[in-house]
Amino acid sequence: MSKIAPEHLARQAVVYIRQSTADQVASNLESKRRQYGLADRARQLGWSDVAIIDDDLGRSGGGVARPGFEKLLAAICDGRVGAVVSIEASRLARNGRDWHTLLEFCGLVGTLIADEDGVYDPRHPNDRLLLGMKGTMSEMELSVLRQRSLEALKQKARRGELFMTVAIGYVRIGNNSIAKDPDRRIAEAITLVFAKFTEMQSLRQVHLWLRHERIPLPAVAYGTEGRRIEWKLPVYNTLLHILTNPIYAGAYAFGRTGSRVSIEAGRKKVVRGFKKERDDWEVLIPSHHEGYLSWADYERNLSLIADNANGKNPMSRGALRRGEALLAGLLRCGHCGRKLHVAYSGKDGNTGRYHCQGGFINHGGDRCISFGGMRIDREVGIEVIERLQPLGIEAALAAQAVRSRASEDKRRHLELALEQARYEVGHARRQYDAVDPDNRLVAAELEKRWNERLAIVRDLETELEGLTASPATELTPAYRERLMTLGADLQLAWTRPGVTPEARKRIVRTLTDEIIVHVEDNALNLVIRWHGGDHSALKVRKNRSGQHRWSAAGETIDLVRVLARQMPDKAIASVLNRAGKTTGRGNGWTQSRVCSLRSHNAIATYREGERRERGEVTLDEAAAVLSVSPSTVRRLIKDGQLAASQLCKGAPWIIKAADLERADVKSAATARRLRRPPSGDPLQKVLEL
C-alpha cells in the first residue's frame with residue numbers, strides 16, 4: 001500500500017539541499033549533483049510541482065541559524081508541502097532539536113519525508129520511530145566524526161607537523177615541515193619589516209614609511225594555478241600579522257585562536273577567530289625551524305606594540321604623540337595609581353601641564369594632582385643625559401651608520417624587484433618564442449604579456465637610476481666632526497634647536513619604563529623606573545599656586561612692595577622702567593600691570609597722606625624744608641650728614657621728617673647755602689632771612 005495519497009500530490013514537493021562548508025560546495029560537486037537530482041525522483045513519485053530550497057549551501061546542520069531550513073518549516077506549517085525530499089536525514093538536520101521539530105510539524109499537517117531509501121509518514125508510529133533513530137544516528141555521527149578529526153589534528157600539531165597554511169616567507173617541505181622561502185626578494189622584504197620596526201619602534205611609522213617609499217610586500221593569492229605571490233603596498237594589518245606571528249621567531253604555534261558558542265533567538269551562534277592568551281595556546285614549540293628573528297626580539301616587539309596601544313590598557317605608556325611634553329605616557333600618579341595626561345595651553349599651544357583627573361572623570365570625585373611640565377621635563381632630561389653620557393661616542397657612530405644606510409634599504413629592494421622583473425621578461429619571451437607564429441590568437445596575447453613585463457622593467461630601471469643619481473649620503477668631514485662633538489657632549493646635542501621633541505621622547509622611552517609622581521608640599525617626589533629594573537629617586541621643586549615661568553622676578557616684587565608705600569601705581573611704573581625692570585614676559589611696566597602685580601601678591605595700594613603719617617618726606621620736600629636745592633640734599637646724604645635710604649637706582653629717597661629738625665642737619669644745610677659763589681650779575685642781591 002503506497003503512503004503517497006492524492007492529498008499529498010495536490011500539494012508541493014520540496015527538495016532540501018545542504019552542504020556543510022564552502023569548501024564542500026566548491027569541491028564536492030558529485031554530492032551537489034546527487035542532491036539536485038532528487039527533483040527528478042520527486043517527479044517520478046508523482047509530484048508535478050517540485051520546489052528546490054538550496055539557501056543553506058555552505059551551512060552546518062549542527063544547530064546554527066539556517067534560513068533555508070526556516071523557510072522549509074514555514075512552508076510546512078502553511079500546509080503547502082506534501083513531501084520533503086532529501087538525500088538523507090543528515091542533510092535535513094544534525095541536531096535533535098531541528099530534527100524533532102521537523103518531524104512534529106510534518107506529523108501535524110500530514111507531510112511525508114522521502115529520501116533515497118524510501119518514503120516515511122511521521123503520523124505512523126513505526127515510521128516516526130525509524131525517523132527518530134535516523135536523526136539520532138545522524139547527530140551522533142557528526143559528533144564522532146568531529147571528535148576524531150579534531151583529535152587527529154591536535155595529535156599532529158603536538159608533533160609540530162600540522163600546517164593548514166604557510167606564512168609568507170616560508171615554503172612547505174613535504175607534508176610535515178617548512179623552511180625559509182628561497183626567494184631572496186621575499187626573505188629580504190620580511191627582514192626589512194623587522195629591521196624598520198627595531199629602528200622606528202612604531203608599527204604605524206613603519207607602515208607610513210613603506211607606503212611613502214612605495215616599497216611593496218609579498219602577499220599570498222589563490223587562483224586556478226594554486227598559491228602564488230603578489231607584490232603590493234602593505235596595509236596596517238599585514239604588518240601587524242608579520243610582527244606578531246611567532247612563526248617568524250622560529251616557533252610552531254597551534255590553537256592561537258578559539259571559538260565561542262552562545263544561544264541567540266533559540267539558535268546556536270558560533271563566533272570564531274578570537275585571540276587566546278599565550279598560556280591558553282594548544283601547542284607552542286620554540287626553536288622549531290629557522291626564524292627571521294630571535295624569540296627574545298619577538299617578545300620585545302610584542303611588548304612594544306602593546307605598550308604603544310593608546311586607550312586599550314591603562315597600564316601601557318601609549319605611542320609617541322605630538323606636543324612638547326617630554327614625559328607624556330610615562331608618568332603615573334603615586335596617590336591613586338592612574339596614568340597622568342597632558343593638557344596644552346598658552347598662545348602657542350605648547351605649554352604642557354600634567355594632570356590626574358581619573359577619579360573626577362570616572363567617579364565624580366576630587367581631582368588628584370596637577371603640575372606644570374617644564375621643570376620636571378628639564379630635570380628628568382638631565383637624569384637621562386647623565387645615564388647616556390658614557391655612550392655618547394657610540395651613539396654618534398651609530399648615527400653615522402644609520403645615515404650612511406639611509407637609502408640602502410630602498411636601493412636593495414629595487415635591485416631585487418628588477419632582478420625578478422627581468423626573469424619574468426625572459427619567461428614571457430620564451431613563452432612567445434615557443435608558440436606557433438601562425439596562431440595569432442595565442443601569439444598576440446603572449447606578446448602583450450611580454451610588453452607589459454618590459455614596461456615594468458623599464459619603470460624599475462628608471463627609478464633605480466634616479467636613486468643612484470641622487471646626492472650621496474656619505475658624511476662630509478666637517479659634518480662627521482660636528483657629530484662626534486655632539487656625541488662627546490650629549491647635553492649640547494640634547495639642547496640644540498634642531499632636535500625634535502619626538503627624538504627626545506624616543507630617547508627617554510628607550511631608557512625609562514615608568515615614572516611615579518608624589519606631590520608633597522611644594523615639591524614633586526619622583527621614582528624613575530629604568531629599563532632593566534633599576535630605580536632612582538628625584539625631587540623637583542614645584543611652583544606655588546599661581547607661579548609660572550612668566551612671573552616677575554622676586555626682587556621686582558620686593559621693590560614694588562616698598563614703592564607702593566611711597567607713590568601710586570603710575571609713578572611706580574615710571575620708577576621700574578627707569579630702573580630697567582621688566583615683566584615676566586620682558587615687557588615694560590604700565591599702571592595696569594603694576595596694579596595686577598600688586599593684586600596678585602596682596603600688596604595694598606598707596607593711600608594719599610600715609611607718608612606724612614609715618615613721618616617720611618621725599619627729596620624735594622626735604623629741600624623745601626631746608627631751603628636748599630635737591631642736589632644739595634643729595635650731597636648731604638652722600639656725605640652722611642643726612643640719614644636717608646633708597647631701595648634701588650631710580651627709586652625715591654626716603655627721609656625721616658624728624659631728621660630735618662636736627663641742629664647739625666640745619667647747620668650743614670645753612671653752611672652749604674652760604675658757600676654758594678656770588679653771582680656775576682651786579683644787580684642781583686642777597687635776601688637775608
Query raised in the report: Thinking salt bridges, do Asp513 and Arg529 make one under a 4.0 Å N-O criterion?
Result: yes
Query - Arg94 to Trp99, cation-pi by 6.0 Å centre distance and 45° axis angle - result: no
Query raised in the report: Does the ring of Trp209 carry Lys196 above it, NZ/CZ under 6.0 angstrom from centre and within 45° of its axis?
Result: yes
Query raised in the report: How far apart are the closest heavy atoms of Asp115 and Lys134, and which atoms are they?
Result: OD2-NZ, 2.9 Å
Query raised in the report: If you count the non-hydrogen atoms of other residues, nucleotides and ligands that lie under 6.0 Å from NZ in Lys276, is the total more than 12?
Result: yes
**Report entry** Within-4.5 Å side-chain heavy-atom neighbours: Trp295 and Pro246
**Finding:** yes
Query raised in the report: Can Asp98 and Thr101 be counted as having a side-chain donor-acceptor contact under 3.5 angstrom?
Result: no
Report task. Can you label the angle between the His427 ring and the Tyr423 ring as parallel, tilted or perpendicular, going by 30° and 60°? Result -> parallel
Requested in this report: Taking the six-membered ring for Trp and the single ring otherwise, decide whether the centroids of Tyr170 and Tyr292 are under 6.0 Å apart.
Outcome: yes
Query - Straight-line distance of Leu210 CG to Leu192 CG, nearest 0.5 Å - result: 6.0 Å
Report task. Report the C-alpha separation of Asn176 and Phe163 in whole Å, then their side-chain angles, then the decisive distance to 0.1 Å, and conclude whether the side chain to side chain contact (heavy atoms under 4.5 Å, CB included) test is met. Result -> CA-CA 7 Å; Asn176 301 327; Phe163 296 97; 5.8 Å; no
Query raised in the report: Would Glu88 and Arg34 count as a salt bridge (Lys or Arg N to Asp or Glu O under 4.0 Å) if you check the C-alpha gap in whole Å, the side-chain angles of each, and the deciding distance to 0.1 Å?
Result: CA-CA 11 Å; Glu88 59 183 8; Arg34 285 181 61 197; over 6 Å; no
Query - Distance, nearest 0.5 Å, that separates CD of Glu514 from CG of Leu327 - result: 12.0 Å
Query raised in the report: Can you tell me if CZ on Arg430 sees more than 12 non-hydrogen neighbours from other groups inside 6.0 Å?
Result: yes
Requested in this report: Take Ser86 and Val15, measure what side chain to side chain contact (heavy atoms under 4.5 Å, CB included) needs, and give me the verdict at the end.
Outcome: CA-CA 6 Å; Ser86 179; Val15 178; over 6 Å; no
Requested in this report: Please examine the side chains of Ile168 and Val220, heavy atoms only from C-beta on, and report whether any two atoms are closer than 4.5 Å.
Outcome: yes
Query - side chain to side chain contact (heavy atoms under 4.5 Å, CB included) between Ile515 and Val527, worked out - result: CA-CA 6 Å; Ile515 302 175; Val527 177; over 6 Å; no
Query raised in the report: Considering only heavy atoms from C-beta outward, does the side chain of Val84 approach that of Leu112 to under 4.5 Å?
Result: no
Query raised in the report: Taking everything shown except Glu277 itself, do over 12 heavy atoms lie less than 6.0 Å from its CD?
Result: no
Query raised in the report: Side chains of Ser536 and Trp530: donor-acceptor distance under 3.5 Å anywhere?
Result: yes
Query raised in the report: Do any N or O atoms from the side chain of Thr111 and from the backbone of Ile76 form a donor-acceptor pair under 3.5 angstrom?
Result: no
**Report entry** Side-chain ion pair, Glu30 and Lys32, N-O less than 4.0 Å
**Finding:** no
Query raised in the report: Could you walk me through whether Asp55 and Phe69 pass the side chain to side chain contact (heavy atoms under 4.5 Å, CB included) check?
Result: CA-CA 8 Å; Asp55 299 356; Phe69 188 75; over 6 Å; no
Query - Where Ala157 and Ile285 come nearest, the two heavy atoms and their spacing - result: O-CD1, 4.3 Å
Query raised in the report: Hey, are Glu282 and Arg256 close enough for a salt bridge, meaning a charged N less than 4.0 Å from a carboxylate O?
Result: no
Query raised in the report: Is the count of non-hydrogen atoms from other residues, nucleotides or ligands lying under 6.0 Å from Arg278 atom CZ greater than 12?
Result: yes
Query - Nearest-0.5 Å distance that lies between atom CD1 in Ile17 and atom CG in Leu92 - result: 11.5 Å
Query - Shortest non-hydrogen separation from Arg66 to Ser60 and the atoms involved - result: CD-O, 3.5 Å
Query raised in the report: Taking C-beta and beyond as the side chain, do Ile190 and Leu217 meet within less than 4.5 Å on heavy atoms?
Result: no
Query raised in the report: Do the non-hydrogen side-chain atoms of Arg18 and Ser20 ever get within less than 4.5 Å of each other?
Result: yes
Requested in this report: For Tyr248 and Phe194, indicate whether the former's side chain and the latter's backbone hold a donor-acceptor pair under 3.5 Å.
Outcome: no
Query - Separation between CG of Asp297 and CG of Leu302, rounded to the nearest 0.5 Å - result: 11.0 Å
Query raised in the report: Roughly how far, to the nearest 0.5 Å, is CH2 of Trp450 from CZ of Arg429?
Result: 6.5 Å
Query raised in the report: Are Glu104 and Arg128 close enough, and set up right, to give a salt bridge (Lys or Arg N to Asp or Glu O under 4.0 Å), and what steps lead you there?
Result: CA-CA 9 Å; Glu104 186 68 23; Arg128 182 69 171 264; 3.0 Å; yes
Report task. Start with the C-alpha gap between Glu424 and Arg422, add the side-chain angles, then the distance that decides, and say whether salt bridge (Lys or Arg N to Asp or Glu O under 4.0 Å) holds. Result -> CA-CA 5 Å; Glu424 293 177 354; Arg422 286 171 176 168; over 6 Å; no
Query raised in the report: What's the shortest heavy-atom distance between Lys180 and Val171, and which atoms?
Result: O-CG2, 4.0 Å
Query raised in the report: Heavy-atom distance under 4.5 Å between the side chains of Arg300 and Thr198, does that happen here?
Result: yes
Query raised in the report: So, are Glu161 and Lys156 salt-bridged, with charged N and O less than 4.0 Å apart?
Result: no
**Report entry** Side-chain donor-acceptor contact under 3.5 Å, Asp54 with Tyr16
**Finding:** no
Report task. Kindly indicate whether the side chain of Tyr298, heavy atoms from C-beta on, has any atom under 4.5 Å from the side chain of Ile247. Result -> no
Query raised in the report: Under 6.0 Å from the NE2 atom of His535, do we count more than 12 heavy atoms belonging to anything else shown?
Result: yes
**Report entry** Residue pair Lys154 / Phe254, side-chain heavy-atom distance below 4.5 Å
**Finding:** yes
Requested in this report: For the pair Arg453 (side chain) and Arg449 (backbone), establish whether a donor and an acceptor sit closer than 3.5 Å, ignoring hydrogens and angles.
Outcome: yes
Report summary line: In this structure, CE of Met200 is separated from CG of Leu304 (nearest 0.5 Å) by 13.0 Å
Query raised in the report: Would you find a donor on one side and an acceptor on the other, under 3.5 Å apart, between the side chain of Ser303 and the backbone of Glu299?
Result: no
Query raised in the report: Do Ser31 and Arg33 get their side chains close enough for a donor-acceptor pair, meaning under 3.5 Å?
Result: no
Query raised in the report: Which heavy-atom pair separates Gln19 from Val25 by the least distance, and what is that distance?
Result: OE1-CA, 3.5 Å
Requested in this report: Write down the atom of Leu284, the atom of Ala253, and the distance for their closest heavy-atom approach.
Outcome: CD1-CB, 4.2 Å
